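Notes to accompany the following structure.
Side chains included, hydrogens not; waters and symmetry mates left out as well; all remaining heavy atoms used. Only a predicted model underlies this, so the values are computations on that prediction, with no experimental measurement involved. Just so it is clear: chains get the letters A, B, ... in the order the sequence lines come, proteins before strands, and each one is counted from 1.
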Amino acid sequence: MHIAIILALIVIGSVVFHFLSPWWWTPLASNWGYIDSTIIITFWITGTVFAAVVLFMAYCVYRFRHREGSRAAYEPENKRLESWLAIGTAVGVAAMLAPGLVVWGRFVTVPSDAAEVEVVGQQWQWSYRLPGKDGRLGASSVRYVTPENPLGLDPNDPRAQDDIIVQGDNLHFELGKPVKVLLRSLDVVHDFYVPEFRAKMDMIPGSTTYYWFTPTRTGTFEVLCAELCSTGHPYMRGGVVVEAKADYQPWLQQQKTFAELSKPAKASALKQEGVTRWDLK
Amino acid sequence: MVDVTHGVAVPVAEVGDVELYHPRSWVTKYVFSQDAKVIAIQYSLTALSIGLVALVLSWLMRMQLGFPGLLSFINADRYYQFVTMHGMIMVIYLLTALFLGGFGNYLIPLMLGARDMVFPYVNMLSYWIYLLAVLVLVAGFFVPGGPTGAGWTLYPPQAILANTPGQQWGIILMLVSLMLFIIGFTMGGLNYVVTVLQGRARGMTMMRMPLTVWGIFTATVMALLAFPALFVGSVMMLLDRVLGTSFFMPSIVLMGEQLKYGGGSPILFQHLFWFFGHPEVYIVALPAFGIVSDLISTHARKNIFGYRMMVWAIVAIGALSFVVWAHHMYVSGMNPGFGFFFATTTLIIAIPTAIKVYNWVLTLWRGDIHFTVPMLFALGFIVTFVNGGLTGLFLGNVVVDVPLSRTMFVVAHFHMVMGIAPIMVIFGAIYHWYPKLTGRMLDDTLGKLHFWVTFVGAYAIFFPMHYLGLLGVPRRYYEMGETAFVPPSAHTLNEFITIAALIVGAAQLAFVFNLFWSLRHGRPSGGNPWRATTLEWQTPETPPTHGNWGKELPVVYRWAYDYSVPGAAEDFLPQNQPPMPRTP
Amino acid sequence: MGIIVIFMVLIAAVAFWWLSRQRLTAKPWLEVGIIGDVGGRWPPTLPKAKIGLGVFLAVAGSLFALLVSAYSMRMAMVDWRTLPVPAVLWLNTILLILASVALQTAVAAGRRDDFGGVRSSLLVAYASSLAFLFGQVLAWGELVAAGYFAADNPANAFFYLITAIHGAHVLGGLVALIRTTARAFDGPETSPPRTIGELRLGVELCAIYWHFLLLVWLVLFSFLMHWANDLVSFCRAALT
């Protein structure tokens with residue numbers, strides 16, 4: 001008896017909680033509203049199933065509770081009922097999967113006009129690199145990392161010389177411009193995570209991963225690390241700023257290039273010719 | 001009904017028997033025992049004890065999350081050590097060991113009408129190696145640097161680098177312990193599989209086996225095939241840590257210093273880990289599915305609805321679970337094209353799983369439901385499993401996973417679906433089979449108290465936690481600190497969750513008390529207190545003695561679910577009850 | 001991970017073949033009375049030790065399939081550097097084949113009750129297996145002398161790991177082989193038929209296990225020799 005009431009209360013409580021809860025996703029700041037829509041579809045389908053199953057159970061528990069002299073029915077199976085339930089479930093699953101796959105297709109297809117930005121993670125800070133005037137990022141390798149060359153750019157790659165390096169500052173994005181974020185790590189697995197952008201991806205040392213998005217709302221957003229990277233993990237914070245082109249360009253002008261930053265160290269870097277180049281990416 | 005044999009009883013001489021090992025002393029009877037029932041109890045007690053350690057660890061973690069700084073000895077290092085040990089203990093050393101080593105050992109021979117497992121000596125070794133694995137794991141708490149704090153997934157390179165707590169000894173002990181566990185499990189697993197294949201009593205066809213045995217059998221087959229992946233990963237990581245090889249270690253600059261590693265692939269470990277890790281979820285879930293089917297059927301006095309579909313679903317889930325592993329890696333940087341394949345397989349697996357849920361609920365329909373404690377836990381299982389299963393549809397659908405992965409949503413999801421739900425079944429099963437083990441019932445009032453606090457409390461812990469994840473609160477954070485998008489109310493919720501967790505944890509002490517108290521003071525149960533059909537309730541003695549069946553092995557005449565058969569005098573017909581002779 | 005998936009498909013095929021013989025579509029609630037398993041055989045005729053060994057080989061097979069999967073996955077990366085395969089591995093391969101053949105001969109001799117033949121064949125198998133292990137150690141020594149250390153790069157590490165795990169399985173098999181050999185020297189001619197049956201079974205189990213070890217070794221060897229590369233790249237091309 002009690003259990004029927006409590007089961008019903010669990011359903012009602014969960015639904016009420018869902019609608020009244022002050023904890024909901026952060027306001028979107030990228031083009032991935034598709035993802036939010038897919039989540040909403042999933043919430044409706046799964047919520048309905050949850051309520052239906054548990055309420056039906058509550059009814060059964062109330063209606064068919066043991067009473068003196070009562071005896072259960074004998075019904076080994078009901079093929080038609082089972083088939084219909086299976087088909088219905090398959091339809092529901094398809095209704096969630098299909099939009100999911102369509103959106104995933106977009107998520108993994110980077111538009112050709114996307115600007116490249118590199119995010120480099122290391123315990124426990126974020127650094128950034130933007131292509132310079134040539135519009136391309138130069139080669140890099142962990143083997144080149146020195147105090148003067150903290151991101152490990154290839155000192156012999158001419159394309160790397162004009163790369164812009166941002167350290168200890170917020171990364172800026174241009175409003176409305178698609179951006180492909182290249183992710184690189186120097187030590188352990190990190191994950192560049194800005195909740196408002198919805199997108200995220202691990203950065204794996206030894207390889208470069210990526211995702212893309214278009215910033216759609218100006219503002220300053222917090223960057224967190226979303227993959228356990230030892231004790232400092234919760235403190236690996238940073239910030240990104242989304243701003244209109246008029247504000248973005250002056251910021252970009254202020255930044256220093258690799259060549260400017262590494263001038264005094266150039267001589268010593270060239271001596272490192274001997275480094276093995278077999279893990280060059 | 002088709003009466004296959006026309007009710008002819010089988011002559012005794014036809015009944016095959018096995019050579020039985022006979023204990024000669026107290027030590028070989030209760031310590032180094034080769035009796036599956038004793039081994040089962042050893043497994044269960046060890047698993048429950050180490051589970052209590054994990055419970056305390058979860059309290060400490062929750063204290064830090066709800067009331068940061070209140071317990072000053074929990075620094076970030078310790079927090080991550082607690083997280084890691086809690087996760088690993090619960091998943092492997094408690095759930096896997098208890099379902100397969102505990103319930104498997106006890107129930108497979110009894111439910112199939114066998115005298116014992118087919119390789120009793122290997123079975124005994126299995127337990128002792130498991131115990132050794134547990135001791136090696138626990139030793140991590142006492143070595144310099146403490147246990148590893150790499151997270152239970154042990155992702156390299158982090159797991160073996162400096163800056164990670166337990167890098168010195170903890171990680172080595174963890175990997176060695178896992179390898180031992182796998183060796184021990186393989187020994188046990190061989191027994192469970194071969195006993196099901198070869199040890200069944202006469203008349204016990206596969207399609208007459210209780211779903212409990214189907215679940216444990218399929219899960220064991222999966223575990224035997226999946227654990228080697230963890231073994232290979234552990235060996236390779238151990239070599240990376242001890243000998244400096246680079247299986248998983250690329251070139252790394254740690255805190256400005258170039259390390260000697262180079263050329264390894266961290267993502268390779270993730271593939272190996274999840275090739276084991278995903279089947280592992282079902283290794284825990286399938287025995288729970290099986291057991292809960294039997295609990296519901298027995299206590300609703302009705303045959304399990306759609307038995308054949310239930311069997312097929314178990315087999316289908318077992319097979320499919322080997323092609324979904326990379327859904328744990330959607331945002332790991334693997335080839336994004338894999339997302340299409342793994343999202344599809346993952347969501348397909350929802351269909352057989354859903355069918356199982358429908359069939360449990362439809363078993364209740366027009367049943368004669370007794371609200372015994374096992375039944376209550378079974379109902380609690382359905383609610384938490386449906387909830388956790390449905391949130392799995394969020395995380396399995398690749399693009400929805402992108403914002404939600406690595407947040408508290410994931411924590412809430414997997415605790416609901418493979419933490420709370422299987423543990424509900426474990427409790428239900430213990431209340432159900434305790435009388436067979438001891439001849440006494442567990443106390444009903446304490447049991448109901450235990451159920452209500454655990455069920456309502458656990459739901460209150462994990463349901464709201466999803467919404468923290470939706471908000472974007474990442475998991476594995478020692479403290480949130482000042483974060484712009486996290487409102488102060490989220491912290492209030494964290495305090496609430498912590499208090500609920502402490503209460504639920506305390507309720508488990510009532511359960512432990514009940515286990516010991518009822519041993520002496522419980523109501524005597526008799527041989528078949530639940531009036532159940534399956535063979536383990538038909539033993540000549542309770543608790544069953546060595547060899548289980550006295551002189552003659554049982555012969556099976558019917559399936560496991562003859563409840564409330566029309567025309568029968570009783571509302572249950574035991575599996576070994578011969579059919580009525582046909583009236584001429 | 002392609003290889004392990006193929007392995008799992010094979011296992012699944014065996015499992016489904018077996019399940020298909022278990023009357024999974026029967027309606028058990030309609031059948032009351034004694035129904036036998038397939039063909040009505042009860043108790044089962046296959047010795048349980050043989051089934052047990054079969055299940056164990058599936059587990060060990062999974063272990064090796066995973067190793068090879070990891071190996072080929074790593075090999076596919078651009079910076080892979082191969083290491084020279086010592087010539088002694090060819091001799092070792094022949095020794096392992098010899099051991100396998102000798103055990104098969106022992107099985108045949110056992111069936112004929114030719115216990116002298118069983119004994120000599122077992123000894124040959126034992127000696128050539130030991131020689132195989134010794135040869136593997138020689139190969140290691142040769143590589144170490146040439147400066148190929150495990151910690152240098154993953155190719156070296158994989159070579160040592162794979163040969164070590166295979167060697168450990170051979171070593172484990174030798175323990176069983178010693179026990180069987182001891183039994184063969186324990187005067188089976190005068191033993192009751194039951195003991196003779198156990199001896200035959202033991203020899204058969206050893207033979208099955210050695211055939212498995214040989215098969216695994218041939219697969220591993222073909223990977224170490226890079227013969228399998230073409231096949232793998234072909235499969236990869238076919239899949240993508």
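- Side chain of B/R558 to main chain of C/V32: no donor-acceptor pair is present (N/O by atom type, distance under 3.5 Å, no hydrogens or angles).
- Counting only heavy atoms from C-beta outward, the side chains of B/M207 and C/Q22 never approach each other to under 4.5 Å.
- Considering every non-hydrogen atom in both C/A151 and B/L243, the closest pair reads CB-O, 3.7 Å.
- B/V235 touches chain C through its side chain: at least one heavy atom from C-beta onward sits under 4.5 Å away, while N, CA, C and O do not.
- Within the 4.5 angstrom heavy-atom criterion, no atom of C/S69 approaches chain B.
- Once rounded to the nearest 0.5 Å, the distance linking CZ of C/R23 with OG1 of B/T205 reads 6.5 Å.
- Interface remark: B/M249 contributes no atoms to any contact with chain C (heavy atom separation under 4.5 Å).
- Distance check, rounded to the nearest 0.5 Å: CZ of B/F231 to CG of C/L67 gives 9.5 Å.
- Here the straight-line distance linking atom NZ of C/K48 with atom OG1 of B/T195 works out to 8.5 Å at 0.5 Å rounding.
- How far CG of C/L66 is from NE2 of B/H271: 12.5 Å, rounded to the nearest 0.5 Å.
- Here B/L190 contributes atom CG and C/I51 contributes atom CD1; the two are 12.0 Å apart, rounded to the nearest 0.5 Å.
- Nearest approach of C/P47 to B/Q198, heavy atoms of both residues: C-OE1, 4.1 Å.
- Counting all heavy atoms, side chain and backbone alike, C/A58 lies closest to B/L225 at O-CD2, 3.9 Å.
- At a threshold of 4.5 Å between non-hydrogen side-chain atoms, the residues C/I4 and B/F322 do not count as touching.
- Proximity to chain B is absent for every atom of C/F149, based on heavy atoms less than 4.5 angstrom apart.
- Interface remark: B/L239 contributes side-chain atoms only to the contact with chain C (heavy atom separation under 4.5 Å).
- Neither the backbone nor the side chain of C/A12 comes within less than 4.5 Å of any heavy atom in chain B.
- Of all the heavy atoms in B/S246 and C/P154, the pair that sits closest is O-CG, 3.6 Å.
- Shortest non-hydrogen contact noted between C/G52 and B/V194 is CA-CG2, 3.6 Å.
- Between C/Y160 and B/T245 there is no side-chain heavy-atom pair separated by less than 4.5 Å.
- At most 12 heavy atoms of other shown residues, nucleotides or ligands fall within 6.0 angstrom of atom OH in B/Y121.
- Only the side chain of B/F119 comes within less than 4.5 Å of a heavy atom of chain C; its backbone N, CA, C and O stay farther away.
- Counting heavy atoms from C-beta on, the side chains of C/F56 and B/V193 never come closer than 4.5 Å.
- B/R208 and C/G33 make their closest contact through NH2-O, 2.7 Å (heavy atoms, listed as atom of the first residue, atom of the second, distance).
- A distance of 10.0 Å separates CE of B/M222 from CE of C/M8, quoted to the nearest 0.5 Å.
- Taking the six-membered ring for Trp and thresholds of 30 and 60 degrees, B/W559 and C/W29 have ring planes inclined between 30 and 60 degrees apart.
- Ranking C/N156, C/L24, C/L19, C/V55 against chain B, the residue ahead of the rest is C/L24, based on heavy-atom pairs under 4.5 Å.
- Contact of B/V118 with chain C is made through backbone and side chain together, with heavy-atom distances under 4.5 Å.
- Neither the backbone nor the side chain of B/Y561 comes within less than 4.5 Å of any heavy atom of chain C.
- Residue contact with chain B, scored on non-hydrogen atoms closer than 4.5 Å, involves the side chain of C/V5 exclusively.
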